[in-house]
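I have placed the structure first, in the form of structure tokens, so that the comments after it can refer back to it.
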2 protein chains.
Amino acid sequence: MAKARAVRSKAPVQVRKEQQPKTADVSAVKLDILENLLSYYMRVVSVVLNRDYDHVLSSVSLAHGTGKVSTLLMVAANPGIRPSVLAHYVLRDRSAMTRLLQQMKTAGLIIEQISDRERRARELYLTAKGKSIVDKVRSLASQQSDAFFGVLSGSEQKQLMELLKKLYASHVHVEDED
Amino acid sequence: MAKARAVRSKAPVQVRKEQQPKTADVSAVKLDILENLLSYYMRVVSVVLNRDYDHVLSSVSLAHGTGKVSTLLMVAANPGIRPSVLAHYVLRDRSAMTRLLQQMKTAGLIIEQISDRERRARELYLTAKGKSIVDKVRSLASQQSDAFFGVLSGSEQKQLMELLKKLYASHVHVEDED
DNA sequence: TATTGTTATACTCTATAACTATA
DNA sequence: TATAGTTATAGAGTATAACAATA
């Protein structure tokens, strides 16, 4: 990182400055139907959220995507959890999960051992090093989320949480019927 | 695509089946602090939204990310718009924008011509082929969004839109002061 | 034969830097 | 010298398919 960016609780991260053209007007652009498309706002806000998240988490080398932090926290909360169960929650397939776990093993955060009862399976545990950063990761992740959504009032945040949980329940962790 | 997936308006897309482990229980997993973290739900819902979006849009070969559809629609609505202005809205840097535009030029959807007044700049326009798919793209994008967020009531969707627009205004298109 | 996990490939996105052409 | 756009590279994510070990 070339420039150290001071913590700015008011405006966590924006579009990078360099992206703004200097010789063209950016303000008078029509968004076509995107203007009123929920999916558009959802995606764009999410992109910015993820970038901010990566910046904040880079200090514990768990940046780049949601998977690493979720993995660390879920292994912490569920010692012995298996890669395929993790994959289900982290929304990856097993092969992507393998690569992610490989990185975390290389980083010395996680160890695995072969399950006694299911010798195909692996049980995942945090190493001492892994355990030592859990608290910091929890705190960074919470702070980042609070700061990012801090532009909303408390009741608005609660509303948003309810709406997102509803979407989550119907699109992510549906118990499929067939 | 191996299996043709029938259009299911009730449940657009879920975690792929194969991801669900067969010999391990997925239900009793603790999410640690993720359970109450807005950023977690935001990101996860967004991932599922994007996958569904890609599936739906693959029929017009504009799948893989939000950029192509946004680009098509914004060039349609703003003929002569420049790459750097587009990049600002699509949240990419100029080099990523170049590659995206290259694909769309190769696909015959967009042409560019050098600006008269600013010979460094390019002006973007839709080709006839580009214009011919705009309506379909609008309709697919709208339908996908409506279906995905259709699990929410009308007033909930309105709430969500307001909340997302507020986040968008403060994190994405802030006019920076310094 | 089915499942768990691994490896490999191809494509996309991100971030960065170096480059050109214009201003 | 600064800006618009291009090209190239390295790292990570996604999606597949083929594979080994175990059930």
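Throughout, a chain's letter reflects where its sequence line sits, starting with A, and its residues are numbered from 1. Note that these values count all heavy atoms, side chains included, but never hydrogens, waters or copies made by symmetry.
Counting to the nearest Å, the C1' atom of C:dT7 and the NZ atom of A:K105 are 13 Å from each other. Atom P of nucleotide D:dG5 and atom CD of B:E118 are separated by 8 Å, given to the nearest angstrom. Taking atom CG of residue B:N50 and atom P of nucleotide C:dC13, one finds them 11 Å apart after rounding to whole Å. Nucleotide D:dT6 holds its P atom 7 Å from the CG atom of B:L101, rounded to whole Å. Nucleotide D:dA20 holds its P atom 16 Å from the CZ atom of A:R94, rounded to whole Å. Counting to the nearest Å, the P atom of C:dT4 and the NE2 atom of A:H88 are 13 Å from each other. Across the protein-nucleic acid pair, B:L124 atom CG and D:dA4 atom C1' stand 12 Å apart, rounded to whole Å. For the pair B:D116 CG and C:dT22 C1', the interatomic distance rounds to 14 Å; values are reported in whole Å.
The phosphate of D:dA12 has neither OP1 nor OP2 within less than 4.0 Å of any side-chain N or O from A:R99. At D:dG5, one or more side-chain N or O atoms of B:S84 fall inside 4.0 Å of OP1 or OP2 (strictly under the cut-off).
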Worked verdict on B:R138 versus B:D135 for salt bridge (Lys or Arg N to Asp or Glu O under 4.0 Å):
CA-CA 5 Å; B:R138 276 201 197 95; B:D135 284 343; 3.1 Å; yes
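For the pair A:R120 and A:V47, both in contact range of DNA chain C, the more 5′-proximal nearest nucleotide belongs to A:R120. Nearer to the 5' terminus of DNA chain D, by closest-nucleotide assignment, is the contact made by B:Q102 (compared with the other of A:S115 and B:Q102).
Of the candidates D:dT22, D:dG13, D:dG5, the closest approach to any side-chain atom of A:R119 belongs to D:dT22. Across C:dT12, C:dT14, D:dA4, the shortest atom-to-atom separation from the side chain of B:R92 is found for C:dT14.
The aromatic rings of A:Y41 and B:Y168 stand perpendicular to each other, their planes meeting at an angle above 60°, with 30° marking the opposite boundary.
In this structure, B:A121 reaches the sugar-phosphate backbone alone: every heavy-atom distance under 4.0 Å involves primed, P, OP1 or OP2 atoms, never a base. Contact annotation for A:T23: backbone-only contact, meaning every heavy-atom pair under 4.0 Å involves sugar-phosphate atoms and none involves a base.
Salt-bridge formation is not detected for the pair A:E123/A:R82: no Lys NZ or Arg NE/NH1/NH2 atom is positioned less than 4.0 Å from an Asp or Glu carboxylate oxygen.
A:R120 and B:T23 form no side-chain donor-acceptor contact under 3.5 Å, judged by distance and modelled atom types alone. No side-chain donor from either of B:T98 and B:R94 sits under 3.5 Å from a side-chain acceptor of the other.
Contact of A:S95 with D:dT16 (side chain to base): a donor-acceptor pair of N or O atoms is detected under 3.5 Å.
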